[in-house]
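All remarks here apply to the structure that follows.
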Amino acid sequence: MEAPAAPQGPDPAEPVPGTEITVTSPEQMRELGRRLAKLLRPGDLVMLSGELGAGKTTLTRGLGEGLGVRGAVTSPTFVIARVHPSLGDGPPLVHVDAYRLSGGLDEMEDLDLDVSLPDSVIVVEWGEGKVEELTDDRLQLVIHRAVGDTTDEVRHVTLTGIGARWSAADLSVLTA
Ligand SMILES: Nc1ncnc2c1ncn2[C@@H]1O[C@H](COP(=O)(O)OP(=O)(O)OP(=O)(O)O)[C@@H](O)[C@H]1O
Ligand SMILES: [Mg+2]
């Protein structure tokens with residue numbers, strides 16, 4: 001019999017395995033956002049995926065509440081990004097909805113996301129393939145609706161931390 005391989009420490013390049021959380025109402029989604037806010041710090045990029053109406057903006061609303069920022073988080077109709085300054089001494093929340101954009105960061109050049117990121121928490125809806133190059137680290141949330149029942153309020157949320165920033169983060173505190 002071969003000796004078992006020596007245990008290895010976490011490789012910061014490897015994504016932390018996804019944490020699965022089930023929420024059963026919009027209010028719980030908001031509460032998840034409020035809890036997640038406690039884990040976030042300036043320089044963090046959070047990417048939200050999921051179909052139309054999955055609950056990305058609802059979660060971001062909770063994030064804004066948890067971060068203690070000014071202004072209600074809404075679905076921007078005409079603007080791509082909205083900056084919500086902190087009401088205290090925390091980081092501002094930059095909420096980006098990239099749904100209408102087909103290109104990448106160059107199309108969002110005016111937003112100067114690279115300039116604001118070090119001091120902000122940036123949350124991007126519909127950002128896949130568009131904003132990843134902002135930073136090596138990101139927290140990826142995928143929201144799934146329960147299949148086959150359009151009236152259902154059940155959502156499955158998978159959180160995956162990518163990069164060194166998230167390699168030691170304990171996302172299981174969100175389920176507590
Ligand atoms: N468990 C749930 N979590 C979040 N929203 C829910 C849930 N159950 C029902 N909803 C409803 O689903 C809708 C979610 O809308 P929201 O704007 O947050 O979605 P979105 O993912 O941002 O959509 P879009 O892609 O259009 O921006 C709201 O009307 C909300 O009340
Ligand atoms: Mg939205």
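Sequential numbering from 1 along the given sequence is applied to the chain's residues. Every number for a ligand or one of its atoms is a count from 1 in the order of the listing.
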Original post:
Would E20 and T158 count as having a side-chain donor-acceptor pair, cut-off 3.5 Å?
Top reply: yes
Subject >> Basic-acidic side-chain contact under 4.0 Å: E65, R61 >> reply: no
Original post:
What protein heavy atom sits nearest atom 26 (O) of ligand 1, and how far away is it?
Top reply: L52 CD2, 3.3 Å
**OP:** Run the contact test for R30 against ligand 1 with a 4.0 Å cut-off on heavy atoms, strictly below, and give the result.
**Re:** no
**OP:** For atom 1 (N) of ligand 1, find the nearest protein heavy atom and state the residue, atom name and distance (0.1 Å precision).
**Re:** E153 O, 2.7 Å
**OP:** Kindly compute the distance separating CH2 (W126) from CD (E51), expressed to the nearest 0.5 Å.
**Re:** 8.0 Å
**OP:** With heavy atoms of W126 as the reference, note each atom of ligand 1 found under 4.0 Å away.
**Re:** 25 (O)
Original post:
Side-chain donor-acceptor pair under 3.5 Å between T74 and R82, yes or no?
Top reply: yes
Subject >> Test: D44 and R165 ion pair at under 4.0 Å >> reply: yes
**OP:** Using distance alone, decide if ligand 1 has a nitrogen or oxygen within less than 3.5 Å of any nitrogen or oxygen in A54.
**Re:** yes
Original post:
Nearest protein heavy atom to atom 17 (O) of ligand 1, by residue and atom, and its distance?
Top reply: T57 CB, 3.6 Å
Original post:
Does the pair V142 and V157 meet the rule for a side chain to side chain contact (heavy atoms under 4.5 Å, CB included), with working shown?
Top reply: CA-CA 6 Å; V142 182; V157 185; over 6 Å; no
**OP:** Rounded to the nearest 0.5 Å, what's the gap from CZ on R35 to CD on Q28? Could you check?
**Re:** 8.5 Å
Original post:
Where's the contact between Q28 and ligand 1, heavy-atom distance under 4.0 Å: side chain, backbone, both or neither?
Top reply: neither
**OP:** Verify the cluster assignment for V173 and L40: are they in a single hydrophobic cluster under the rule of side-chain heavy atoms below 4.5 Å apart?
**Re:** yes
**OP:** Could you give me the CA-CA distance, side-chain angles and deciding distance for M108 and V131, then say whether side chain to side chain contact (heavy atoms under 4.5 Å, CB included) is met?
**Re:** CA-CA 9 Å; M108 292 177 238; V131 299; 3.6 Å; yes
**OP:** Report the member of G50, S49, S25, P26 with the shortest heavy-atom distance to atom 31 (O) of ligand 1.
**Re:** P26
Subject >> Nearest protein heavy atom with distance in Å, relative to atom 20 (P) of ligand 1 >> reply: K56 N, 3.4 Å
**OP:** Would you please test V46 and L141 for side chain to side chain contact (heavy atoms under 4.5 Å, CB included) and show each step?
**Re:** CA-CA 7 Å; V46 179; L141 273 74; 3.9 Å; yes
Subject >> Heteroatom test (N, O or S) for T57 near the Mg ion (ligand 2), limit 2.8 Å >> reply: yes
Original post:
Nearest to the Mg ion (ligand 2), which N, O or S atom of E125 do we find?
Top reply: OE1
Original post:
Nearest protein heavy-atom contact for atom 18 (O) of ligand 1: which residue, which atom, what distance?
Top reply: T58 OG1, 2.6 Å
**OP:** Provide, to 0.1 Å, the distance between atom 27 (O) of ligand 1 and the closest protein heavy atom, together with that atom's residue and name.
**Re:** E125 OE1, 3.1 Å
Subject >> Options H156, R155, M29, ranked by nearest heavy atom to atom 12 (O) of ligand 1, top entry >> reply: R155
Original post:
Yes or no on side chain to side chain contact (heavy atoms under 4.5 Å, CB included) for E109 and E107, after CA distance, side-chain angles and deciding distance?
Top reply: CA-CA 6 Å; E109 213 170 357; E107 206 181 333; over 6 Å; no
Original post:
What is the nearest protein non-hydrogen atom to atom 19 (O) of ligand 1, stated with its residue, atom name and distance?
Top reply: G55 N, 3.2 Å
**OP:** For atom 14 (C) of ligand 1, find the nearest protein heavy atom and state the residue, atom name and distance (0.1 Å precision).
**Re:** G53 O, 3.3 Å
Original post:
Does the protein put any heavy atom within less than 4.0 Å of atom 29 (O) of ligand 1?
Top reply: no
